[in-house]
Amino acid sequence: MSLKVYNTLTGKKEEFIPLNKDGKKVNMYVCGVTVYDDCHIGHARGALTFDIIRNYLKYKGYDVKYVRNITDIDDKIIERSNELNIPWYDLVGKYIVEYYKDMAALGIKKADMEPKATEHIKKDIVGLVSQLIDKGYAYEVDGDVYFEVRKFEGYGKLSGRRPDDMLSGARIAVDERKRDPLDFALWKSSKPGEPSWDSPWGKGRPGWHIECSAMSMSYLGESFDIHGGGKDLIFPHHENEIAQSEAATGKPFVKYWLHNGFVQVDKEKMSKSLGNFFTIKDILKKYPAEVVRFFLLSTHYRNPIDFSDARLEEARKNLEGFCILMNTLKRQLESVSITPLSEVEYTIKNLRGEKSDDESDWHTPDFSNEKNFLKQIEGCRKNFEVAMDDDFNTAEAIGYLNKLRTQINRFNVSKTNPLVDKNTLLKEAIDILKKLGKILGLFEEKKAVLPIPEEEINSLLDKRNKARENKDWVTADAVRKKLDTLGIILEDRAGGTIWRVKS
RNA sequence: GGCGGCAUAGCCAAGUGGCUAAGGCAGAGGUCUGCAAAACCUUUAUUCCCCGGUUCGAGUCCGGGUGCCGCCUCCA
C-alpha cells in the first residue's frame with residue numbers, strides 16, 4: 001500500500017516518496033504560531049493535522065524529523081507590546097508558555113525541534129540575507145533589504161499566480177523605495193525603541209518569511225520532504241520562502257507542500273480580524289480535549305470545517321460510544337484469564353479443518369461467527385490504513401473505527417462457539433481499535449475525575465442493590481437519580497450493575 | 001480585477017469512471033430491562049445545486065450557469 005499526499009505545488013495527489021536514498025527518513029517543517037495572543041481552535045487544527053501526519057508516517061515505518069517554528073518577533077508583537085506597555089520579550093515569553101499549555105491540554109505532542117526566530121538571527125538569518133544580496137537577488141535601501149521578485153524565475157509556482165497578474169489587484173500601498181511593488185522585505189530597519197539586532201545593514205529585525213527559510217534549512221538541509229501550514233500561508237508566505245530559499249541554494253526547496261483548511265464560523269473563516277474566534281482555553285472549559293480532536297478529525301484536513309457547539313456535541317456523542325465500549329470490555333476482560341490468540345486460531349483451524357469448511361456440515365463445530373469476526377476486524381484495520389494512505393483521510397478512517405466498534409459490540413452479544421474463548425477475540429479487536437485510535441490520539445486511557453469517592457459510589461450501589469432485591473423500586477430509583485445528578489450513570493447488566501462517569 | 005476551493009439525506013460528512021452512494025448525529029419501530037442505561041436488529045438519498053456534453057457506464061471527467069467561501073494586507 002502506498003501513501004498518497006496532495007501537493008499544493010502540483011495541485012495533485014502524488015505518491016509519497018521521500019528524498020532520502022534509504023527511503024525511510026522524512027524531514028518535515030511546519031509553520032507554527034506567532035506568539036502575541038492566545039491560540040484559537042484554528043491554530044489547533046493546524047497543529048493537530050501535522051501531529052497526526054507525523055504519527056501516521058511513523059506508523060508506516062518512517063523515521064520522521066519534525067520541526068515546528070515559533071515566530072517570536074514581528075510587527076504584531078511589537079504593536080501588541082506597545083498597546084500593553086510591556087517589553088516585547090515579556091509578551092512573547094507569556095504566550096509561549098500559554099501556547100505550550102494549550103497544545104499539551106489538547107494532547108498535541110511537541111515537534112522534535114521548536115526553534116524561535118530570534119535565536120537564529122545571527123546564526124542563520126543574516127547569513128542567508130547576505131547570500132541573497134551577494135547573488136544579486138536582494139538589494140538594500142536605507143537599512144531595509146528587499147528580495148527582488150522579478151529576478152527569481154518561477155515566482156508564483158506554488159500559488160498559481162503570475163507576477164504580471166498580481167499588480168492590478170494589489171491592495172497594499174506601494175513603497176516607493178522598492179524596485180517592484182511585489183518585492184518583499186528580508187530585513188527591516190528598526191525605529192528607535194524597537195527591538196533590534198545588529199546586521200551589516202544596521203540595526204533591524206528579520207522580515208517574516210526569511211525565518212522559515214533559514215530555520216528549516218538549518219535543521220533539515222537545503223531540500224527536504226514536507227513543508228506544511230495553513231492554506232492562508234500559501235501566498236505570500238510560502239511562495240516567498242520558495243523564492244528566497246531556491247534563489248540562495250539553487251536547489252529545489254521542498255518536495256511536498258501540504259496545507260490545512262480553515263476552521264470557520266457560520267461559513268466564514270475564523271480569524272482575529274473578524275473577531276469570530278474561539279480560544280482553545282474557552283473550548284476546553286466546555287469539552288474534553290478528546291472530543292475537540294474527534295471533532296477536528298471528522299472532516300478531511302484540507303476541507304473547511306464549521307465550528308459550533310452542535311458539531312462538538314455530535315462528536316461528543318459519537319466518541320462516548322467508543323468510551324463505553326472500552327470501559328465495558330476493560331471490566332469484562334480484566335477479571336478473566338484469556339486464552340492466547342494463537343491457541344484460538346489453532347482450534348478454529350483444526351477442529352473445522354480445511355476440507356470441512358462447508359458451514360452446512362453439522363458434524364463439525366461451526367466457527368463461522370468467529371471466523372467472520374476475525375475477518376471483519378482485519379478488514380476494518382486494513383480499510384483504516386487505506387483511508388489514511390489516501391492523503392490522511394481521517395474522516396473516512398473514523399468511519400472504519402465506527403464499523404469496528406459495531407462489529408465488536410455485535411460479536412460480544414452474539415452466540416459464540418463454546419470451544420473457543422470469546423474474550424480472546426474481543427481482546428484482539430480492542431487492541432486493534434486502541435492501536436488505530438492511538439494514531440489519531442483517541443481512546444487514550446485517562447483517569448476519570450470522580451465527583452465523589454469510589455467508596456461512596458460503592459456504598460450507594462450496595463444500598464440500591466438491596467432495595468432492588470426487595471423490589472423497592474422507589475429507593476432504587478432514588479439512588480440512581482442521586483448518582484445521575486452527580487454525573488454517574490448506572491447500567492444494570494446481566495453480570496451486575498456497573499457505573500460510568502458522564503462525558 | 002487575478003487565482004483557487006466547495007455544493008452529496010433533517011444536520012454533519014466520506015466517496016476523484018463501474019458491485020446495493022461509507023460513517024456519525026438526529027428521527028421512527030423493535031429486542032433486552034422492574035424502570036432505565038448500554039447494546040443489538042429494522043428503517044430514513046431510485047439519487048449527489050442546475051443545464052448540456054464525453055462514455056457501454058458519471059456524484060466522480062469536460063463546457064456553461066447559479067450559489068457560497070478563501071487568497072491577492074496580518075492570518076493556522
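These values consider heavy atoms only, across backbone and side chains, with no hydrogens, waters or symmetry-generated copies. Predicted model only: the values in this text are computed from it and were never measured. Throughout, a chain's letter reflects where its sequence line sits, starting with A, and its residues are numbered from 1.
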Out of [options], which has the shortest distance to the side chain of [X]?
X	options	answer
A/E268	B/C40, B/G23, B/G70	B/G70
A/V33	B/A76, B/C40, B/A39	B/A76
A/K317	B/G70, B/A38, B/A26	B/A26
A/E491	B/C35, B/G24, B/A37	B/A37
A/K403	B/A22, B/C71, B/C35	B/A22

Atom [atom1] of [X] and atom [atom2] of [N]: how far apart are they, to the nearest Å?
X	N	atom1	atom2	result
A/Y6	B/G15	OH	P	14 Å
A/D492	B/A37	CG	P	12 Å
A/R302	B/A14	CZ	C1'	13 Å
A/L426	B/A39	CG	P	15 Å

Polar-atom pairs under 3.5 Å, protein N or O versus N or O of nucleotides 10-13 of chain B: list them with distances, or write none.
unit_1, atom_1, unit_2, atom_2, d
B/C12, O3', A/R311, NH1, 3.3
B/C12, O2', A/R311, NE, 2.8
B/C12, O2', A/R311, NH1, 3.1
B/C12, O2', A/R311, NH2, 2.5

Requested in this report: Mind checking A/V263 for me? I need base, sugar-phosphate or nothing, with any heavy atom below 4.0 Å counting as a touch.
Outcome: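 Base contact.
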
Query - Secondary structure of RNA chain B in dot-bracket form (Watson-Crick or G-U wobble, distances below 3.5 Å, | marking inter-strand pairs) - result: ((((((((.[[[..)..(....]]].(((((.......))))).....[[[[[..)....]]]]])))))))....

Query raised in the report: If you take atom types as modelled and just measure distance, does the side chain of A/R480 reach the base of B/C35 with a donor-acceptor pair under 3.5 Å?
Result: yes

Query - A/D183 (side chain) donor-acceptor with A/K178 (main chain) under 3.5 angstrom - result: no

